[in-house]
Structures are given as structure tokens and as C-alpha cells.
Protein chains: 2
Amino acid sequence: MKKSFPAASEGARRRATLSDVAQMAGVSNATVSRVLAGNYPVSVTTKNRVMRAVRQLDYVVNAQARALQAGASRTIAFVLHDITGPSFAEAAAGVEEEAARYGRLCVVCTTNGSRERQSKVIDLMRAQGAEAVILIGGTDNDEESHGRLVAYARSLAAAGSRLVLCGCPPPREPLPVTVIDYDNEAGAYAATAHLLSQGHRRILFVGKGEGYTTSEARFAGYLRALTSFGIEPDPELQVVVDFSRAASVRAMREVLARQVAFTAVFAASDMTAAGCMQVLREQGRKVPEDVSVVGYDDIPMTIDMTPRLTTVHVPYRELGRAAVRHVMELDPAARQDIDHVVLGTHLMVRESVAPPAVEPA
Amino acid sequence: MKKSFPAASEGARRRATLSDVAQMAGVSNATVSRVLAGNYPVSVTTKNRVMRAVRQLDYVVNAQARALQAGASRTIAFVLHDITGPSFAEAAAGVEEEAARYGRLCVVCTTNGSRERQSKVIDLMRAQGAEAVILIGGTDNDEESHGRLVAYARSLAAAGSRLVLCGCPPPREPLPVTVIDYDNEAGAYAATAHLLSQGHRRILFVGKGEGYTTSEARFAGYLRALTSFGIEPDPELQVVVDFSRAASVRAMREVLARQVAFTAVFAASDMTAAGCMQVLREQGRKVPEDVSVVGYDDIPMTIDMTPRLTTVHVPYRELGRAAVRHVMELDPAARQDIDHVVLGTHLMVRESVAPPAVEPA
DNA sequence: ATGAAAGCGCTAACAT
DNA sequence: ATGTTAGCGCTTTCAT
């Protein structure tokens with residue numbers, strides 16, 4: 001005997017309000033509010049009556065009404081290109097985790113790298129009254145992007161919110177912004193130096209994305225390591241591609257076809273490394289016997305690659321956490337300056353690097 | 001000369017309201033509202049004056065106020081265990097993508113599998129007035145879990161919202177719920193049948209999570225395939241573990257230590273498969289020459305595994321999209337019944353399966 | 001074409 | 001300890 005349930009058969013019933021509770025409990029609105037907030041003395045008997053009504057009506061506050069009255073919405077916005085990227089997902093987890101700890105809601109928006117969509121999202125978040133808007137990922141390193149960032153920071157600040165930049169360098173001018181960065185350059189230096197100290201001299205850099213901050217910093221670290229080992233950088237060894245897997249596959253095929261000589265690859269991201277390794281395997285070049293490979297990001301799948309990928313660990317989860325924590329703990333009075341944090345990176349040595357093979361005579 | 005910017009130096013200034021705009025433009029609130037909504041005739045000159053004020057004040061609506069007035073909040077909630085799992089991330093992307101298409105905001109909450117946290121999150125979402133609450137992932141298959149789901153569905157429905165279950169079987173009783181499922185059992189059947197048709201007879205099933213819907217359905221498919229090939233299931237070949245990588249590594253080591261004989265592994269998830277392959281490799285067993293392996297989920301990293309993993313493709317992104325679409329397009333009047341959709345799964349044949357090696361004489 | 005005013009659900013000051 | 005009331009920012013009748 002299936003008994004149909006009243007709620008559904010009545011369709012979308014009006015949700016219970018605080019007044020409903022008050023009426024049922026025979027008290028005033030204020031009393032109900034006080035019972036729920038628990039920040040004010042209320043007699044035990046009334047409290048019980050109110051709580052019974054709350055349960056009976058299955059009442060929950062209207063967050064909109066509360067936010068309107070409070071003038072703040074207890075939400076954190078997280079804006080990224082694509083939640084599917086493992087490193088972004090990791091950062092998102094950090095943000096969500098920490099937001100939950102502070103009792104904040106976490107709104108996620110993706111932009112697919114579209115500037116237009118980014119602007120729209122920022123406005124949406126201002127409309128929401130988000131306490132912070134966390135932008136993750138490197139940015140384009142041109143005047144126009146910088147200008148947009150400045151505008152975002154200011155309009156957000158003017159509304160009592162705060163822009164947080166994750167994983168990109170701080171703007172050059174004073175701006176009400178929090179920057180949680182990690183040491184991209186040092187990680188790249190360490191990775192390259194590792195290769196050099198194994199004896200590699202011709203190291204292919206794959207992922208020289210021009211005008212993109214993350215990419216530029218990694219490339220800079222590569223260059224610095226080369227220089228400090230007294231090696232002249234060779235433009236032929238610098239492959240310009242974005243961080244996508246597909247792009248690196250294409251690029252790597254092209255490099256191999258051109259017969260460029262190299263004994264090691266420093267891929268600017270693990271995805272890039274995955275693409276390179278696929279092509280190397282296709283062409284019968286063994287990693288690390290024939291070619292050593294180092295990646296960047298230390299995404300979880302690196303340990304399932306064969307050989308396990310040596311890569312630069314980036315603390316993405318902590319990046320997300322720190323972003324939230326900094327905003328939550330920042331004294332709103334002291335908010336005008338740039339608030340800049342740099343997290344460390346370090347090399348994870350695994351199995352994709354070996355000394356270069358001796359030249360066949 | 002660094003000019004300091006006014007907004008920041010004044011600290012968190014009050015954000016501009018519609019009244020501010022009205023005042024600056026010298027019109028009434030109603031007029032501003034109408035200009036912004038664009039759903040009402042307004043003279044061109046007034047419109048221009050209003051728009052100028054909007055730009056000058058950098059005004060954006062207060063979403064809370066609007067939602068309060070409208071009685072609806074244009075947000076979709078997405079609740080999952082852990083955003084870091086590649087398949088969940090994929091589904092999340094689908095939800096976000098489709099939500100954006102409908103102009104909805106997407107709130108993400110993780111529960112880490114805690115029931116307590118799940119309840120809290122549901123209430124939070126009721127408070128937010130989310131139009132839909134999408135729960136993704138299998139559920140425990142016990143009375144208590146079922147009871148919770150019933151309660152969620154009803155209280156959400158009572159508030160004009162809707163519960164959407166993604167990737168789990170529909171509840172046994174009529175309930176105001178939308179279920180977007182995929183054919184777990186058929187996928188498992190196909191995977192197992194593939195192995196069987198290659199000649200494998202002793203197939204290890206890793207990931208028999210007891211009382212967990214996803215796991216049970218996959219196991220059922222395995223069993224059915226065995227039966228239809230006239231093979232007696234062997235309990236020794238059924239390994240009980242959750243879907244985590246770490247658990248499968250432990251389990252696989254234990255199985256190998258026990259010297260259980262098998263020529264193929266059907267892992268109930270790709271993560272499980274990754275763990276199994278790691279252990280197999282550690283112990284010098286080649287895939288697929290010595291042991292064939294099939295996974296489940298088809299997460300992106302499967303193509304970077306060596307050998308590339310043969311696995312069952314699950315349309316996670318479409319799952320997320322369908323969840324949103326169904327709620328958005330459902331006539332609220334027709335909302336009482338269970339709304340059930342089943343998406344298909346199919347086998348992705350790659351390189352981790354080969355016929356079993358001939359017994360060494 | 002525009003304005004005045006009520007009210008969405010809640011909290012907090014101000015009574016009592 | 002409890003009630004009354006104003007108002008958060010917006011949309012939307014109802015007037016004009």
C-alpha cells in the first residue's frame with residue numbers, strides 16, 4: 001500500500017517562515033529569532049515551544065533575508081578556467097575545505113579562459129556580495145589583463161569584498177588585493193638543475209607560453225639554471241605551447257620530426273609531460289634510458305605514469321586554503337595594501353630521470 | 001608617482017544601491033529598476049541618465065534583495081564527497097557548465113562521506129533556497145541511508161526545491177526526486193564479457209564494496225557475465241575494498257601474497273585499476289602479457305597509463321549536465337513523481353587486455 | 001512614462 | 001524575558 005505523501009501532492013508549497021514558527025509557538029518573531037540565534041536570554045519553556053514548532057514545520061532560515069539584513073552573505077567565490085584540471089581541482093578542494101571550516105558557502109564559476117565570461121562572473125559575485133573572489137591560475141601578462149585586474153580589485157574592494165589572486169605574481173602597483181603565490185621560478189630552477197647535475201646538457205623546454213605569467217616564471221627558472229651551469233640557452237630547445245596535453249603531443253611530434261638533438265625534456269606542466277612521454281613512447285624512445293623527463297605540478301596521476309614522473313610539487317591544496325584563510329583573518333581596516341604570500345615548491349624525485357646515455361660511437 | 005586610489009583608502013565603503021542610482025539620476029527607484037530589467041517602456045533620455053549613473057557608481061544589483069523579493073534564488077547546489085576525484089570533477093564541470101547556460105549560480109559542497117555533514121549541507125541549501133540539490137555518487141544501500149534520502153527529498157520539495165540523485169538507483173517508493181543514473185551493471189557485464197571472450201576464466205574482481213550501490217551494480221554485472229559464460233563464481237576471486245587507490249594497493253598485495261590464481265583483473269574503478277597495476281608491476285607481472293586488467297569510469301588519466309587502460313566509459317559530464325537540465329525543464333506542476341533517466345555506458349578497448357598466457361608446462 | 005508605496009523574511013534597537 | 005517596530009535593497013502593483 002503506497003501512501004502518497006502530502007508535501008508532493010500539494011506541489012511546491014510555500015516554505016515555512018519565521019513568522020509561521022512564531023505563530024505556531026504563540027510568541028513574537030523576535031523571540032523565535034533569539035532562540036535560533038541563541039545569543040540572548042530566553043526562558044526554557046518558550047525555547048522548547050519554539051523548537052518544537054521549528055521541528056514541526058521543518059523550518060530553516062531564509063539565507064537571503066538574513067544576508068540582506070546583515071549586509072553580508074558568507075560566501076566565497078572561486079573562479080577558474082576549468083575544474084577538470086587536476087591541479088585546479090586540488091586548489092578547489094582546498095578552498096572548499098577551508099570555506100566550510102569558516103562556515104562559508106563556496107560558489108564555483110568557470111570561465112573557460114574567456115575574458116568576457118570572467119568579467120561577467122566578477123559582476124555576478126559582486127551582486128552576490130561574496131566576501132572574497134578567488135581567481136586561480138596564471139594570467140596573461142599584458143596591459144589589458146592588468147587593467148582588468150585593477151578594475152576587479154577596486155570594484156570588489158569598494159563593495160567590501162576582496163580579490164584574491166592565486167598562483168600569479170602580485171600587480172606592480174598598490175591595490176587592494178591578496179596574492180597567494182608559489183615559487184614557480186625556484187621550482188623550475190630545481191628541476192633543471194637536477195637534470196643538469198645528472199649530466200644533461202641539451203634540455204628541451206616544452207611549454208614556453210609567451211605572455212603567460214606561470215609559463216614565463218617556469219621558463220625563467222630554466223634559463224637561470226642553464227646560466228648558472230654555464231650553458232648557453234639554445235632557442236631551438238624552447239618549444240612554445242600552452243599547458244594542454246593535446247598541444248604538447250602536437251609540438252613534440254613536430255620536434256622529433258625536426259630531429260632536434262636533446263637528452264632530456266623539462267615539461268612546463270605534468271600534462272605537457274604526459275603528452276611528451278606519449279610521443280616519445282610512440283617513437284620508440286625509452287624514458288629515462290634514452291630521454292629523461294621532468295614535469296611540473298605533481299598532479300596525482302604522476303605516480304601512475306610509467307616511469308613514475310619526477311616533477312615539481314606545487315602545494316595546490318594549501319594554495320586554496322591559504323586564499324580563504326587570509327581573507328577571513330585579514331582585518332578589514334588593514335585591507336588596502338597588497339597582501340602577498342609565497343609558498344614553496346620542491347622537486348619530487350621519482351623515476352623519469354637518468355644520466356644521459358653515452359653517445360653511440 | 002603612485003597615486004593612491006580613493007576606494008581603498010576609505011576602507012570598505014558601502015556598496016551602491018538602487019536608491020543611490022535613482023538619486024543620482026534624479027528619478028524614482030521604480031524607474032531605475034525598470035531600466036535595468038528592460039521589461040517596461042522607459043523614455044530614452046531617462047534611460048540614458050540612469051545608465052550613466054549606473055556606470056558612474058559601478059552599480060550591481062544586490063542578489064540577496066532580489067532573491068528575497070522574487071522568492072527564488074537561481075542557484076544550483078552540487079554535493080559530493082570529494083571534488084578531487086576525476087570522475088566527480090568531470091560531473092561537477094557538467095553541472096557548472098549547464099547551470100551557467102541557464103544563468104544559474106553553482107554552489108559546491110563536499111561532505112567527505114560524512115552523513116552528518118551531508119545533512120547539514122542539505123539544510124544549508126534549503127536555507128539558500130537552491131532550486132535543485134544535486135547529490136552525486138552511489139549511496140549506502142541500507143535502511144538508514146534510504147530514510148535520509150526520503151527526508152531530504154520531501155523537505156526540499158516542500159520548499160519548492162528538488163533533490164537530484166546522480167549515479168545511484170531510484171528509491172523504491174514514490175518520491176519527489178529526479179534520478180540521473182547510468183547503466184553500471186551493463187558496463188560491468190561488457191567489461192567482464194570482453195575478458196571472457198579473450199579466453200580468461202579466472203577473473204579477479206577488485207572492489208566489491210558491500211552495501212554500496214555503485215559497487216554492487218558493478219559486481220552484479222560481473223556475476224551475470226560469468227554466469228552467462230557458464231562459469232561458477234569463485235569467492236576467492238572477489239576482493240572487498242572501497243574505490244580508493246590506497247585500499248586497492250593493499251588488497252592487491254594481499255591477494256598476490258595469498259598466491260590466488262587468476263589471469264585477469266576487473267577493477268571496479270580506474271583508481272582501483274591503477275593501484276592493482278602498480279602492485280602487479282612491483283611484483284614483476286606484466287600487463288597485459290601476464291595479467292589483463294580492465295577498469296571502470298574512463299577517467300582522463302587512463303590514456304597515460306602504461307599500457308593504456310581498457311575501461312568502461314561513464315558519461316560523467318553528461319550526467320552533471322542532465323541533472324541540471326532535467327530540473328530546469330521540469331514543469332513544477334508535474335514534479336511529484338520520480339523522474340528517472342538512465343544513460344548508457346560502453347567499453348573503451350585499449351591495451352591492457354590480451355588473451356591469457358598459455359600455462360607453462 | 002513615471003512615481004509612491006507595500007512587502008519579501010529577517011534581525012536588532014528600543015520598548016516594556 | 002518578551003514584544004513592537006524599523007528597515008536591509010529590491011520589484012511590482014497601483015496611481016497618476
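Chain letters run A, B, ... following the sequence lines, proteins first and then strands; every chain starts at 1.
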message: For a 4.0 angstrom threshold against heavy atoms of chain A, report the outermost contacting nucleotides of DNA chain C in 5' to 3' order.
response: C:dG9 to C:dA13

Within-4.5 Å side-chain heavy-atom neighbours: [X] and [Y]:
X	Y	answer
A:E329	A:Y102	yes
A:D339	A:R162	yes
B:R49	B:V27	yes

message: Checking A:D58 against B:R154 for the salt bridge (charged side-chain N to carboxylate O under 4.0 Å, His left out) test, could you report, in this order, the C-alpha distance in whole Å, the side-chain angles of both residues, the deciding distance, and whether it holds?
response: CA-CA 10 Å; A:D58 200 9; B:R154 291 188 183 163; over 6 Å; no

- request: With DNA chain C as reference, determine whether B:P41 or A:A16 sits nearer its 5' end, using the nearest nucleotide of each.
  value: B:P41

message: We want to know whether B:S28 and B:T31 form a side-chain donor-acceptor pair, criterion being a heavy-atom distance below 3.5 angstrom.
response: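 There is such a pair (donor and acceptor under 3.5 Å, judged by atom type) between the side chains of B:S28 and B:T31.
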
message: We want to know whether B:S145 and B:D142 form a side-chain donor-acceptor pair, criterion being a heavy-atom distance below 3.5 angstrom.
response: yes

- prompt: Does A:E97 CD have over 12 foreign heavy atoms under 6.0 Å away?
  reply: yes

Spacing of [X] atom [atom1] relative to [N] atom [atom2], expressed in whole Å:
X	N	atom1	atom2	value
A:R34	D:dT4	CZ	P	11 Å
A:L36	D:dT2	CG	P	15 Å
A:Q23	D:dG3	CD	C1'	15 Å

field: B:A77 to B:M125 - nearest heavy-atom pair and separation
entry: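 It is CB-SD, 3.4 Å.
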
- prompt: Of the residues in residues 62-77 of chain B, which ones touch DNA chain D at a heavy-atom distance under 4.0 Å?
  reply: B:N62, B:A65, B:R66, B:Q69

message: Angle between the two end axes of the helix from C:dA1-D:dT16 to C:dT16-D:dA1, five base pairs per end, rounded to 10 degrees?
response: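 Result, rounded to 10 degrees: 40°.
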
task: Let me see the working for A:R325 and A:E318 under salt bridge (charged side-chain N to carboxylate O under 4.0 Å, His left out), right down to the final yes or no.
output: CA-CA 10 Å; A:R325 205 179 323 118; A:E318 179 54 24; 2.9 Å; yes

OP1, OP2 of [N] versus side-chain N and O of [X]: anything below 4.0 Å?
X	N	result
B:T17	D:dG9	no
A:S28	D:dT2	no
B:Y59	D:dC10	yes

- prompt: How long is the gap from OG1 on B:T111 to CD1 on B:I122, to the nearest 0.5 Å?
  reply: 9.5 Å

Salt bridge (Lys or Arg N to Asp or Glu O under 4.0 Å), paired with B:E131, selected from B:R104, B:R74, B:R126: B:R104

